[in-house]
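So the structure is just underneath, and the comments pick up after that.
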Amino acid sequence: MSGRGDWATPERMAEQAATGEGVFGAYEAFEKGTDEKTIGAHGIVDDAYALVYARNLRDLLRRHGAPVAGPILDVGCGIGTITHAIHAACGAGTDCQGIDLSAPAIRVARERYADCAFRVASADDLGTFADGTFSLIHAREFYPFTRSADAGLHARFLSEFAAKLMPGGSVAAVQIVEPAGLADSLAALAGQAPSLGFESAVRRVMVPNRAYRGIGRAAYGAGLYTLVSAAGAVLESIRPGRVSYVYLFRKSAV
Ligand SMILES: C[S@@+](CC[C@H](N)C(=O)[O-])C[C@H]1O[C@@H](n2cnc3c(N)ncnc32)[C@H](O)[C@@H]1O
């Protein structure tokens, strides 16, 4: 593999975690209390905002017939803010777990959110989970998907995820305002979906959180969501990379 996504491979990410580069340094500083701000450049830290995001995601998934009942795995969960919000949005009984390469981030997540389980792991090796465990695997701004256009790298993660999904389960990969990543590989991934363990691979517009906050689940009603999706397509053609998408990979129900 070559190009701008090289640094997003599990191997390079593990090296960065060991040396405290980039996001990993931000997690360390956040845990030590020496810098609580930089982490905000890498993920959601605000619980109230995360809850809006999680409800938005829940309603989008319901709209597209994807289960949100649990168990749910949040890969690249960072300090667990979104994992916890998904737990709240989907109901207190929902089993939500998060994994991340960063040990400091996972320590913070455990400290802050006792209602979810967290562990240090790489998302390309989910061997500690039994096959068929999860109804949903969620990944927001997961670097291998959002900072690399490499379809082979994406396929490596997706086939691992497919094995851990129960029949009818889904992967929901969320990409915020960035033109590269799954946008580049979706056509190739859709073509090889059956060999990766999925029956479909599609991209859907996510209602902007600001709009969702005002409108709520009605934003995913048939008429309004058709309008939002059309507006997203227009915006994408004028200003590529400005629309947030959920990439949905569905596993067959049988
Ligand atoms: C931009 S942060 C997103 C954090 C969180 N999902 C959010 O949106 O607020 C990307 C996360 O992906 C994690 N990550 C990258 N490669 C990973 C891998 N192979 N396995 C597990 N986590 C990984 C990083 O450690 C980092 O926490």
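Just so it is clear, the model here is predicted, and its values are computed rather than measured. In listed order, ligands and their atoms are each counted from 1. Values below: every heavy atom of this structure, side chains too, minus hydrogens, waters and symmetry copies.
Rounding to the nearest 0.5 Å gives a distance of 11.0 Å between CG of L51 and CG of N56.
Looking at Y27 next to ligand 1, an N or O pair under 3.5 Å apart turns up. Of the N or O atoms in F24, none lie within a sub-3.5 Å distance of an N or O in ligand 1. Close N/O approach between E141 and ligand 1 is not found [any backbone or side-chain N/O within under 3.5 Å]. The shortest N/O to N/O separation between G76 and ligand 1 falls below 3.5 Å. Ligand 1 has no nitrogen or oxygen under 3.5 angstrom from a nitrogen or oxygen of Y143. Where the criterion is an N or O separation shorter than 3.5 Å, residue side chain and backbone included, D124 fails it with respect to ligand 1. Between I44 and ligand 1, a contact under 3.5 Å exists for at least one N or O pair.
Within ligand 1, counting atoms from 1 as listed, the ones closer than 4.0 Å to a heavy atom of G43 are 7 (C), 9 (O). Within ligand 1, counting atoms from 1 as listed, the ones closer than 4.0 Å to a heavy atom of I82 are 7 (C), 8 (O), 9 (O). Every atom of ligand 1 is numbered from 1 in the order shown, and the set under 4.0 Å from a heavy atom of S122 is 18 (C), 19 (N), 20 (N). Residue A123 has at least one heavy-atom neighbour below 4.0 Å for each of these atoms of ligand 1: 18 (C), 19 (N), 20 (N), 21 (C).
Residues F134 and F129 place their aromatic rings such that the two centres sit under 6.0 Å apart. Ring-centre distance between H64 and Y247: not below the 6.0 Å cut-off. Aromatic rings from F142 and F145 are positioned such that their centres are separated by under 6.0 Å.
Of the N and O atoms on the side chains of D35 and T38, at least one donor lies less than 3.5 Å from an acceptor on the other residue. Between the side chains of Y225 and D59, no donor-acceptor pair is found at a separation under 3.5 Å. Inspection of the D115 and H84 side chains reveals an N or O donor paired with an N or O acceptor under 3.5 Å. Using modelled atom types, one finds a donor on one side chain and an acceptor on the other under 3.5 Å when comparing H154 with S185.
For the pair R112 and E31, the salt-bridge criterion is not met [side-chain N within less than 4.0 Å of a carboxylate O].
Here the shortest heavy-atom pairing between L101 and S122 reads CD2-CB, 3.7 Å.
Closest protein heavy atom to atom 14 (N) of ligand 1: F142 CE1, 3.9 Å. Of the protein's heavy atoms, D100 OD1, 2.6 Å lies nearest to atom 25 (O) of ligand 1. The shortest contact between atom 1 (C) of ligand 1 and any protein heavy atom is with H42 O, 2.7 Å. Closest to atom 8 (O) of ligand 1 among all protein heavy atoms lies R140 NH1, 2.6 Å.
Only the backbone of A121 comes within 4.0 Å of ligand 1, judged by heavy-atom distances. For T146, no heavy-atom contact with ligand 1 is shorter than 4.0 Å.
Within the 3.5 Å criterion, the main-chain N or O of A172 finds no donor-acceptor partner in the side chain of S170. Under the 3.5 Å distance criterion, the side-chain polar atoms of D150 are matched with a main-chain donor or acceptor of L153.
Ligand 1 has L101 within reach: a non-hydrogen atom of the residue lies less than 4.0 Å from it.
Counting only non-hydrogen atoms, the option in R156, M13, R147 that gets closest to atom 15 (C) of ligand 1 is M13.
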